[in-house]
Amino acid sequence: MTTLHPLSIPYRAAQRVWQFAGFLVIFAFSGTLFAGGGLEGLAVGGLVAASLVAAVVWEVLYYQRFEYDLTETTFDLRSGVLSTRDREIPYRRVQNVSISRNVVQRVLGIAEVTLETAGGSSAEAQLRYVDVEEADRLQNEIGRRKRRVARSESDEADRDAASDDERDVETEEAEQLFAISDRELTMLGLVSIDLRLLPMLTVLAPLFGPAVAEQVVLAGPMFVVAPLAAIAIYALTALASGVLAVTNYYDFTLVRTGDELRYDRGLLQRYSGTIPLSKVQTVSLAENLLQRVVGYASLSIETAGSSPGQAGGSQSAVPLAKRERVIDLAQSVERFGDPSFERPPKRARIRYVARYSIVLAVLVGAAFLADRATATQLYWYALLGAVPLIPVAAHLKWRNLGYALCEDHVVTRSGFWNRTTTVVPYYRVQTVLDSQTIFQRRRDLATLTIDTAGSRSLTGQDAQAIDIDVGLAAELREEIASRLQDSLAERTPAEDRLFDVDAAPDARFDGTPSPGE
């Protein structure tokens with residue numbers, strides 16, 4: 001059995017002290033800390049010192065009781081201070097073995113190793129912290145043993161040991177598939193827009209709101225200031241998104257070793273992880289509007305586990321590259337060919353016109369009421385200038401929706417500002433269901449959802465054919481279900497074990513559970 005690096009004791013203790021210091025700062029600013037002075041202050045100081053000593057003692061005990069070992073078929077882990085917990089993680093269930101190091105950890109020469117398994121929304125095991133060389137050894141050794149276990153389950157029983165060794169050597173050869181260039185990294189910073197950062201600006205608004213509001217009053221009428229303020233907020237969001245993208249994907253490389261992809265990335269926080277090709281659930285091509293204008297795209301690969309440092313659990317295979325290059329890399333993972341997308345019926349555009357008209361009417365009404373309730377002239381009627389844009393927006397939304405049934409995959413596409421093309425192998429489909437909202441029923445439309453065990457499914461971001469004809473949705477549901485069964489029937493038992501196909505043969509595809517569930 002192997003234990004953690006000795007430096008993990010002071011480092012983890014320092015982390016606890018830092019967290020405790022945050023509470024102290026809050027209490028100090030609130031005026032409740034050391035308010036009594038004298039003996040009361042000494043008592044509080046003694047309590048703080050005792051807490052720090054307790055943190056160090058706890059980490060020493062944690063270090064002494066933490067052990068791990070690599071067996072032939074499992075990764076064994078023993079941990080626990082007050083109670084001992086023993087775990088055996090089969091190699092075949094491991095989705096990703098990742099290594100992360102921040103700046104301080106890189107100076108100390110330690111790293112965190114994380115193991116994710118199928119179906120897990122969080123890490124199955126975390127080693128905090130081990131030597132960097134040990135982290136690399138664990139990542140390589142677990143990957144090699146995963147491949148050995150997969151081959152032992154899929155190969156014929158009469159295969160001799162000599163071919164085992166030959167295949168080990170063959171699968172260890174590494175091939176670099178992608179390395180981000182300085183130009184691509186710069187372009188990534190320019191075209192990355194993460195609108196999820198907008199709430200952060202909302203949080204910061206109360207800090208700077210009064211000063212900004214004073215300047216707004218002096219700047220001029222609201223119909224001039226409001227668009228400028230919106231542009232400024234968008235520019236700040238774009239700037240923050242670009243900085244985060246560059247630091248996250250600095251020095252990004254993607255290497256193929258046997259049936260695994262390995263990525264390394266990060267400037268301040270360095271990540272290294274693996275993507276087992278045999279456990280790929282979906283492949284997604286993402287392009288926001290700016291990326292489409294300049295001909296760039298990104299590629300993400302979904303497995304059933306989580307992935308550290310990635311939004312929504314997705315694992316980025318290519319953060320940004322020319323669209324043709326991204327498609328070639330996607331085809332090397334899943335051969336889905338050149339799909340011809342079927343768009344929703346044209347009557348779906350009427351629904352989008354109605355939706356956008358309602359949204360605009362609400363905005364105009366809110367601005368009108370605000371104009372009447374305040375002394376500030378808001379020029380609410382300026383929003384009516386967006387009326388001619390409604391049919392254009394409805395058409396663009398309709399134009400960027402679609403689906404395609406390929407020979408071995410179902411492909412969906414959606415989004416205008418951020419368009420995502422998702423490729424799902426039939427044998428990875430878990431359930432297929434069609435649903436209708438109250439507004440879709442008025443237009444005889446439905447949404448077809450293709451559910452997998454991927455991390456996007458865990459966050460409610462399944463592949464979807466949106467606003468297709470309700471009758472066609474039912475037909476496609478049955479067709480995809482039939483192709484799933486055909487795909488499973490064509491696969492050999494060895495392939496099922498290798499690719500970890502878990503779809504139940506009696507599963508229904510109408511959103512209801514199978515008998516006995």
Side-chain angles (χ1 to χ4, degrees), residues 95-96 174-181 184 187-188 191-192 245 249 252-265 273-292 294-305 307 310-342 400-415 418-429 450 452-457 461-465 483 487 499:
Q95 295 283 358
N96 184 20
E175 174 191 3
Q176 186 177 85
L177 299 180
F178 178 79
I180 194 167
S181 65
E184 290 167 335
M187 187 64 68
L188 178 65
V191 302
S192 295
Y249 294 104
F252 182 96
T253 58
L254 183 68
V255 176
R256 180 167 185 164
T257 304
D259 61 351
E260 284 187 343
L261 300 180
R262 177 172 298 178
Y263 60 87
D264 291 277
R265 64 178 180 84
T274 56
I275 305 174
L277 294 176
S278 61
K279 299 184 183 296
V280 170
Q281 302 292 320
T282 65
V283 175
S284 299
L285 183 76
E287 316 157 86
N288 63 34
L289 181 59
L290 291 177
Q291 291 171 350
R292 295 204 301 273
V294 296
Y296 281 77
S298 62
L299 179 68
S300 62
I301 298 176
E302 305 294 333
T303 60
S307 55
Q310 302 277 3
S314 63
Q315 303 184 59
S316 178
V318 178
L320 191 74
K322 281 293 187 180
R323 192 175 191 276
E324 295 77 12
R325 188 180 181 188
V326 172
I327 292 177
D328 289 341
L329 285 171
Q331 294 282 4
S332 68
V333 177
E334 291 289 346
R335 294 288 181 182
F336 56 92
D338 185 15
S340 178
F341 289 98
E342 297 289 337
N400 285 278
L401 293 175
Y403 71 91
L405 297 186
C406 304
E407 182 177 357
D408 299 312
H409 304 81
V410 55
V411 186
T412 64
R413 185 176 67 185
S414 63
N418 292 282
R419 189 171 69 187
T420 302
T421 304
T422 305
V423 180
V424 183
Y426 289 125
Y427 70 91
R428 286 302 190 188
V429 174
I450 301 97
T452 69
S455 55
R456 285 187 181 272
S457 296
Q461 300 176 357
D462 302 286
Q464 292 183 324
R483 296 195 184 194
S487 177
F499 285 86

*Assess whether side chain to side chain contact (heavy atoms under 4.5 Å, CB included) is satisfied between Arg323 and Val326, documenting all intermediate values.*
CA-CA 5 Å; Arg323 192 175 191 276; Val326 172; 5.6 Å; no
*Val280: which of Val423, Thr452, Val333 passes side-chain contact (heavy atoms from CB on, under 4.5 Å)*: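 Considering Val423, Thr452, Val333, a side-chain contact (heavy atoms from CB on, under 4.5 Å) with Val280 is found only for Val333.
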_Under a 4.0 Å threshold between the charged nitrogen and the carboxylate oxygen, would Glu184 count as salt-bridged to Arg325?_
yes
*Do NZ/NE/NH1/NH2 and the carboxylate oxygens of Arg256 and Glu175 come within less than 4.0 Å?*
no
Atom [atom1] in [X], atom [atom2] in [Y]: separation rounded to 0.5 Å?
| X | Y | atom1 | atom2 | answer |
| --- | --- | --- | --- | --- |
| Leu329 | Leu299 | CG | CG | 7.0 Å |
| Gln95 | Ser278 | CD | OG | 8.0 Å |
| Glu334 | Leu277 | CD | CG | 9.0 Å |
| Leu261 | Ser332 | CG | OG | 7.5 Å |
| Gln331 | Phe336 | CD | CZ | 4.0 Å |
| Asp264 | Thr253 | CG | OG1 | 4.5 Å |

With distance as the sole test, does [X] use its side chain to make a donor-acceptor pair with the main-chain N or O of [Y] at under 3.5 Å?
| X | Y | value |
| --- | --- | --- |
| Glu287 | Ser298 | no |
| Arg483 | Cys406 | yes |
| Tyr296 | Ala321 | no |
| Asp408 | Arg335 | no |
| Asn400 | Ser414 | no |

*asked:* Determine whether Thr421 and Phe341 satisfy the following criterion, side chain to side chain contact (heavy atoms under 4.5 Å, CB included), listing intermediate values before the conclusion.
replied: CA-CA 11 Å; Thr421 304; Phe341 289 98; 3.9 Å; yes
*Would one find more than 12 heavy atoms of other residues, nucleotides or ligands at under 6.0 Å from atom CD of Glu407?*
no
*I would like to know whether Asn96 and Thr303 meet side chain to side chain contact (heavy atoms under 4.5 Å, CB included); could you show each step before the answer?*
CA-CA 9 Å; Asn96 184 20; Thr303 60; 5.7 Å; no
Any idea which heavy atoms bring [X] and [Y] closest together, and the distance?
| X | Y | result |
| --- | --- | --- |
| Ala463 | Thr412 | CB-OG1, 3.5 Å |
| Pro425 | Gln281 | CD-O, 3.2 Å |
| Leu254 | Ala317 | CD2-O, 3.3 Å |
| Tyr249 | Ile180 | O-CG2, 3.9 Å |
| Thr274 | Tyr263 | N-CE2, 4.1 Å |
| Thr282 | Thr422 | CB-CG2, 4.0 Å |

_Lys NZ or Arg CZ of Arg265 over Phe252 ring: under 6.0 Å, within 45°_ = no
*Step by step, would you call Tyr403 with Arg413 a side chain to side chain contact (heavy atoms under 4.5 Å, CB included)?*
CA-CA 6 Å; Tyr403 71 91; Arg413 185 176 67 185; over 6 Å; no
*Considering only heavy atoms from C-beta outward, does the side chain of Glu324 approach that of Ile327 to under 4.5 Å?*
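No, every pair of side-chain atoms sits at 4.5 Å or beyond.
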*Under 3.5 Å, is there a donor-acceptor pair linking the side chains of Thr257 and Glu260?*
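No pair is found: no donor N or O on one side chain lies under 3.5 Å from an acceptor on the other.
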